[in-house]
Amino acid sequence: MAVLNREEERELLASLPVTEIAGIARRRAARLEPHGIRTCLDLADASGLLVQKLLTVTGHDLWLELNGVPAQPIRPERSPHKNIARGGSLAGRVSDPATLYGWLVRNVNASLRNCAIISFGPGS
């Protein structure tokens, strides 16, 4: 499908639920719904201040993009990582030393793989 003019663009946006936008899933859509924002067009037509209040600056960037204002540059290459830390949970209290050791080894291994992928290390 090709969108050839502004009217066709608005028709398309009106036909798509707001969850079709990358970055807006069920929880964010639930924040928008009480304000009558259900479709992509509803979001595009909403107040930018309201969108920023409901979805933070990231959501405001989506709103800008929907309204034809570039908010994020197109990056043909992946941006370098800022850190290699890993977060996560052990799924509750872990008292078994073998289980804790297993998690430690798994996370150290994954961190080392990340270092290799992003070329951290001596001389980089």
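In this chain, residues are counted from 1 in sequence order.
For residues 38-66, the set of pairs meeting the ring pair (Phe, Tyr, Trp, His ring centres under 6.0 Å) definition, not counting sequence neighbours, comprises H60-W63. Among residues at least two apart or in separate chains, there is no ring pair (Phe, Tyr, Trp, His ring centres under 6.0 Å) pair with a member in residues 31-55. The side-chain hydrogen bond (donor to acceptor under 3.5 Å, both in side chains) contacts involving residues 10-22 comprise R10-D45, where partners must be two or more places apart or lie in separate chains.
Side-chain atoms of Q72 do not come within 3.5 Å of backbone N or O of E65 as any donor-acceptor pair. Side-chain atoms of D42 come within 3.5 Å of backbone N or O of T39 as a donor-acceptor pair.
Contacts of N5 classified as side-chain hydrogen bond (donor to acceptor under 3.5 Å, both in side chains), with partners at least two apart in sequence or in another chain: none. Partners of R6 according to the side-chain hydrogen bond (donor to acceptor under 3.5 Å, both in side chains) rule, which considers only residues two or more places apart in sequence or in another chain, are E9.
Within the model, atoms CG of L104 and CG of N109 stand 11.0 Å from one another, a figure rounded to the nearest 0.5 Å.
In terms of heavy atoms, L62 sits closest to A22 at CD2-O, 3.7 Å. Shown here for C40 and I21, the closest heavy-atom pair between the two residues is SG-CG1, 3.7 Å.
Under a hydrophobic clustering in which Ile, Leu, Val, Met, Phe, Trp and Tyr are joined whenever their side-chain heavy atoms come within less than 4.5 Å, directly or via other members, L16 and V3 fall into the same cluster.
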Side-chain donor-acceptor contacts of residues 47-55 below 3.5 Å, not counting sequence neighbours, with atom names and distances?
{"residue": "S47", "atom": "OG", "partner": "L49", "partner atom": "N", "Å": "3.2"}
{"residue": "S47", "atom": "OG", "partner": "L50", "partner atom": "N", "Å": "3.3"}

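Under the 4.5 Å side-chain criterion, counting only non-hydrogen atoms from C-beta, R28 is in contact with T56. Using a 4.5 Å heavy-atom threshold, the side chains of L43 and I24 count as touching.
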